[in-house]
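This is the structure I have questions about; it appears just below.
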Amino acid sequence: MPEGHSVHRLARQFNDVFGGAVLAVSSPQGKFTAGALLVDGHVLKRAHAHGKQLFLSFSGDRVMRVHLGLYGAWDFGGDATFTGASSIGAPRRIGEQELSGESGAWAETGPPEPKGAVRVRLVSDHGWADLRGPTACEVLTHQEAAAVRGKLGPDPLNNLPGDRDEFVRRIRKSATGIGQQLMKQEVLAGVGNVYRAEVLFRLGLDPMLPGKALSQDRACALWEDIAAVMADGVRDGRIITTELDDRPSGLGIAVGFVCGRPDDARYLGTASNRAGTNPNKEVPVEDAHYVYKREGRPCRHCGTAVAMAELAGRKLYWCPGCQGG
DNA sequence: GATTAATGCTAAA
DNA sequence: TTAGCCTTAATCT
């Protein structure tokens with residue numbers, strides 16, 4: 001799936017284009033008809049991301065919880081008002097990867113005929129959003145939604161006071177390898193298989209190192225780096241974890257160049273993205289990662305062949321040279 | 001055209 | 001630990 005950064009982009013998108021609007025909610029595919037009826041005709045008050053979960057709060061104590069899973073995605077489209085409000089500008093799909101496209105002649109035609117299995121369709125006066133392929137999609141009360149959030153660890157993209165220390169406490173509590181722990185949403189919410197591998201490389205940490213053996217300082221550094229690199233992901237709409245000097249193409253900007261949270265005023269958000277001035281757009285895919293999906297290829301730092309092993313059903317990539325053992 | 005793997009997770013075994 | 005979810009893009013015949 002889309003790791004946490006995509007879900008934060010989605011939350012921002014929903015607030016921008018649908019915030020405060022009455023929405024018609026339906027399930028063209030039919031699998032979510034009962035849930036859709038619970039929120040149909042209600043006002044979307046706020047969208048909120050916690051890790052990989054998206055919470056859409058509607059009037060009437062209804063919260064739609066969406067988890068995209070491995071291949072879920074949202075498509076957007078609408079008129080000029082809709083597009084103008086959108087902070088993501090051109091991309092009209094947000095999911096595992098973002099696709100660009102035109103939203104079509106909304107004014108004359110309305111939303112397009114749903115193609116394939118559209119689980120949920122949201123329609124406002126100005127635009128539409130289609131959800132396909134989610135792992136989870138349900139309507140809860142605020143209390144039930146809070147219970148779900150309560151099970152999640154801190155989200156580095158929300159980075160609330162105390163979050164870092166809570167993460168440090170949780171990861172150091174268990175003897176389980178830190179590589180496995182970074183994927184546990186109750187330890188920290190939002191990191192997936194790409195960020196896991198990349199961040200451990202960036203810190204020079206052995207994925208098999210037991211949480212208990214990770215020093216307080218290293219654990220703090222790990223949190224800070226995850227927060228920085230994922231904030232870049234929210235800005236860029238893609239995962240780029242290499243430092244500028246480590247990219248053969250030499251393109252793009254340094255990691256953490258514009259730091260801060262997605263709601264930070266300094267954030268390279270709305271205007272820049274819409275103007276297409278995000279410099280990291282130019283970073284070639286083959287320059288974007290240190291170890292993820294680079295099995296057998298030489299490490300960018302030491303030349304050792306990048307290793308891969310299946311761990312708890314997911315592929316783990318690391319450099320045996322830099323991340324020792 | 002068919003097959004596979006994928007940035008995820010849950011429930012069953 | 002494995003099957004299943006249910007979609008897409010890339011890779012195969």
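Note that this is a predicted model, so its numbers are computed, not measured. Labels below follow one simple rule: chain letters A, B, ... track the order of the sequence lines, proteins then strands, and each chain is numbered from 1.
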Worksheet item: Between atom CD1 in I226(A) and atom P in dT7(B), what is the gap in whole Å?
Response: 17 Å
Worksheet item: Looking at the side chain of Q185(A), which of dG8(B), dA6(B), dC9(B) is the nearest nucleotide?
Response: dC9(B)
Practice prompt. Quickly work out the L131(A) CG to dT8(C) C1' distance and round it to whole Å.
Written response: 15 Å
Discussion item. Any side-chain to backbone donor/acceptor pair from T83(A) onto A80(A)? Under 3.5 Å, distance only.
Written reply: no
Worksheet entry | Separation of dG8(B) P from L54(A) CG (nearest whole Å) | 16 Å
Item to complete: For dT1(C) versus dT7(B), give the span between their C1' atoms, rounded off to a whole number of Å.
Response: 23 Å
Worksheet item: Base, sugar-phosphate, or nothing for R238(A), non-hydrogen atoms under 4.0 angstrom?
Response: nothing
Item to complete: Determine yes or no for a side-chain-to-main-chain donor-acceptor pair under 3.5 angstrom, with D75(A) supplying the side chain and D130(A) the backbone.
Response: no
Fill in: Between dT7(B) (P) and I240(A) (CD1): distance, integer Å
18 Å
Worksheet item: Quick one: which of dT7(C), dT7(B), dC5(C) gets closest to the side chain of T135(A)?
Response: dC5(C)
Practice prompt. May I ask you to verify if any side-chain N or O of K52(A) is less than 4.0 angstrom from the OP1 or OP2 atom of dT7(B)?
Written response: no
Fill in: Whether E198(A) side chain and V291(A) backbone form a donor-acceptor pair below 3.5 Å
yes
Worksheet item: Does the Y290(A) side chain pair with the main chain of E243(A), one donor and one acceptor, at a distance under 3.5 Å?
Response: yes
Worksheet item: Under 4.0 Å between a side-chain N or O of R314(A) and OP1 or OP2 of dT7(B)?
Response: yes
Worksheet entry | Nearest-Å distance for atom pair CG/C1', residues L70(A) and dC9(B) | 9 Å
Fill in: Integer-rounded Å distance: dC9(B) P and N193(A) CG
10 Å
Worksheet item: Please give, in whole Å, the distance from dT10(B) C1' to Q53(A) CD?
Response: 12 Å
Discussion item. Under a 4.0 Å threshold between the charged nitrogen and the carboxylate oxygen, would E138(A) count as salt-bridged to R65(A)?
Written reply: yes
Worksheet item: Does R202(A) come within less than 4.0 Å of D225(A), counting only side-chain N to carboxylate O?
Response: yes
Worksheet item: Are any of the side-chain nitrogens in E224(A) or R164(A) under 4.0 Å away from the carboxylate oxygens of its partner?
Response: yes
Discussion item. Measure CE/M308(A) against P/dA5(B) and give the value in whole Å, please.
Written reply: 10 Å
Response to the item:
Quick note, K315(A) side chain, CB onward, closest among dT7(B), dT7(C), dA6(B) is dA6(B)
Worksheet item: Which of residues 285-301 of chain A have a heavy atom under 4.0 Å from DNA chain B?
Response: Y292(A), K293(A)
Worksheet item: Is H67(A) near enough to dG8(B) that one of its side-chain N or O atoms lies under 4.0 angstrom from OP1 or OP2?
Response: no
Worksheet item: Between dT10(B) and dT8(C), how far is it from one P atom to the other, in whole Å?
Response: 23 Å
Practice prompt. Answer with base, sugar-phosphate or nothing: what part of the nucleic acid does A117(A) contact at a heavy-atom distance below 4.0 Å?
Written response: sugar-phosphate
Worksheet item: Cation-pi between R294(A) and Y317(A): NZ/CZ under 6.0 Å from ring centre and within 45° of the ring axis?
Response: no
